[in-house]
Amino acid sequence: MDEHDYVYQLRPLIVPGLVFLILYPLVMGSIHVFNKLPSIELRVLLGIYVISGLGIVALWVIGKSKHVRINDQQIVFSSLLGEHKLEPKDIRRVAFYFDGKGQEIAQIRANDVFYYVSEFYFPFPELMSDLENFIQRYELRSNIEGYAGLNK
């Protein structure tokens, strides 16, 4: 199996944040013009705007650095926060399920740490296929048969 690198998609996280950063000053500015907010309220609202902007920048930086790589012997999760290598002997179970929003998620349990792979990674179908192949190759414990509707 060749090594593939899957990157974290930022659009679902960043676009709503950018819309907020654009609309917030317009809404607050129009409220201030018509209502003349006291300076303390204006400073609080400006503080909320600045903190939100910094939070969106932090999300972008961390999200931009998130990658998952699957190669012959290991699964590697990497980001600015560090790199975690999972070998087949480290993985206790892999669970596939759908969350409340109908998004497909794979939960990888390694000892007492959980790693999640969701539709935010691109290209997701190839990632799931590589993960399924990895599970089957190393005969890892999973719910893949029941999840995929496969029968042995």
Side-chain angles (χ1 to χ4, degrees), residues 1-29 31 43-152:
M1 176 168 39
D2 296 328
E3 181 176 315
H4 294 102
D5 188 28
Y6 302 97
V7 296
Y8 202 72
Q9 295 183 66
L10 297 173
R11 185 172 294 138
L13 296 173
I14 301 302
V15 170
L18 292 177
V19 169
F20 169 78
L21 290 177
I22 292 168
L23 292 179
Y24 189 86
L26 297 174
V27 171
M28 288 302 116
I31 289 173
R43 287 183 181 157
V44 168
L45 294 172
L46 183 62
I48 291 170
Y49 182 75
V50 169
I51 290 170
S52 299
L54 292 173
I56 291 168
V57 169
L59 274 175
W60 182 80
V61 169
I62 291 170
K64 192 73 172 161
S65 70
K66 289 180 79 169
H67 295 269
V68 173
R69 288 188 315 274
I70 298 178
N71 61 30
D72 288 335
Q73 295 89 18
Q74 59 189 3
I75 300 172
V76 180
F77 290 89
S78 61
S79 73
L80 280 179
L81 304 175
E83 185 171 281
H84 303 280
K85 296 179 182 179
L86 301 177
E87 295 182 8
K89 64 180 175 64
D90 300 328
I91 299 172
R92 293 181 57 192
R93 178 169 169 73
V94 180
F96 295 93
Y97 60 91
F98 289 94
D99 68 1
K101 298 176 185 174
Q103 293 182 342
E104 191 174 7
I105 295 176
Q107 178 190 57
I108 303 169
R109 183 174 184 179
N111 300 322
D112 291 332
V113 179
F114 292 95
Y115 298 90
Y116 293 91
V117 175
S118 70
E119 294 180 4
F120 285 120
Y121 286 96
F122 181 79
F124 185 69
E126 288 84 353
L127 172 58
M128 292 304 282
S129 177
D130 283 350
L131 185 57
E132 290 169 6
N133 291 336
F134 188 85
I135 290 166
Q136 291 171 347
R137 175 181 292 128
Y138 294 103
E139 299 176 355
L140 299 173
R141 211 173 116 211
S142 73
N143 66 338
I144 195 167
E145 281 92 21
Y147 169 77
L150 301 174
N151 294 323
K152 284 193 169 189

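The analysis underlying the following values was restricted to heavy atoms, covering all of them including side chains, and did not include hydrogens, waters or symmetry mates. A quick note: this is a predicted structure, and the numbers were derived from the prediction, not measured. Residue indices begin at 1 and follow the sequence shown.
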With rounding to the nearest 0.5 angstrom, report the [atom1] to [atom2] distance, [X] to [Y].
{"X": "Leu26", "Y": "Ile31", "atom1": "CG", "atom2": "CD1", "result": "11.0 Å"}
{"X": "Glu119", "Y": "Leu127", "atom1": "CD", "atom2": "CG", "result": "11.0 Å"}
{"X": "Ile75", "Y": "Glu87", "atom1": "CD1", "atom2": "CD", "result": "11.0 Å"}
{"X": "His84", "Y": "Leu86", "atom1": "NE2", "atom2": "CG", "result": "9.0 Å"}
{"X": "Asp130", "Y": "Ile135", "atom1": "CG", "atom2": "CD1", "result": "11.0 Å"}

Run the side chain to side chain contact (heavy atoms under 4.5 Å, CB included) check on Leu140 and Phe134 step by step: do they pass? CA-CA 8 Å; Leu140 299 173; Phe134 188 85; 4.0 Å; yes
List the residues meeting salt bridge (charged side-chain N to carboxylate O under 4.0 Å, His left out) with Glu126, not counting sequence neighbours, and say none if there are none.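 By the salt bridge (charged side-chain N to carboxylate O under 4.0 Å, His left out) rule, Glu126 matches no residue at all.
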Name every donor-acceptor pair, under 3.5 Å, that has one atom in a side chain of residues 76-83 and the other anywhere in the protein, sequence neighbours excluded.
{"from": "Ser79", "atom 1": "OG", "to": "Leu81", "atom 2": "N", "distance (Å)": "3.1"}

Is the backbone N or O of Asn111 less than 3.5 Å from a side-chain atom of Arg109, with the two atoms forming a donor-acceptor pair by type? yes
So, the side chain of Tyr138 versus the backbone of Lys89: is there a donor-acceptor pair under 3.5 Å, distance only? no
Set of residues satisfying ring pair (Phe, Tyr, Trp, His ring centres under 6.0 Å) with respect to His67, sequence neighbours excluded: none
Ring pair (Phe, Tyr, Trp, His ring centres under 6.0 Å) partners for Tyr8, two or more places apart: Phe120, Tyr121
Decide yes or no for Leu131 and Phe96: does some side-chain heavy atom of the first lie under 4.5 Å from some side-chain heavy atom of the second?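 A side-chain contact exists here, since the closest heavy-atom pair is under 4.5 Å.
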Just list the side-chain donor-acceptor pairs under 3.5 Å for residues 46-64, sequence neighbours left out, or say none.
{"from": "Tyr49", "atom 1": "OH", "to": "Leu21", "atom 2": "O", "distance (Å)": "2.9"}
{"from": "Ser52", "atom 1": "OG", "to": "Ile48", "atom 2": "O", "distance (Å)": "2.8"}

Might you confirm whether atom CZ of Phe122 has over 12 heavy atoms from other residues, nucleotides or ligands at distances under 6.0 Å?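 Open.
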Which pairs pass salt bridge (Lys or Arg N to Asp or Glu O under 4.0 Å) with one or both residues in residues 90-99, sequence neighbours excluded? Arg92-Asp112
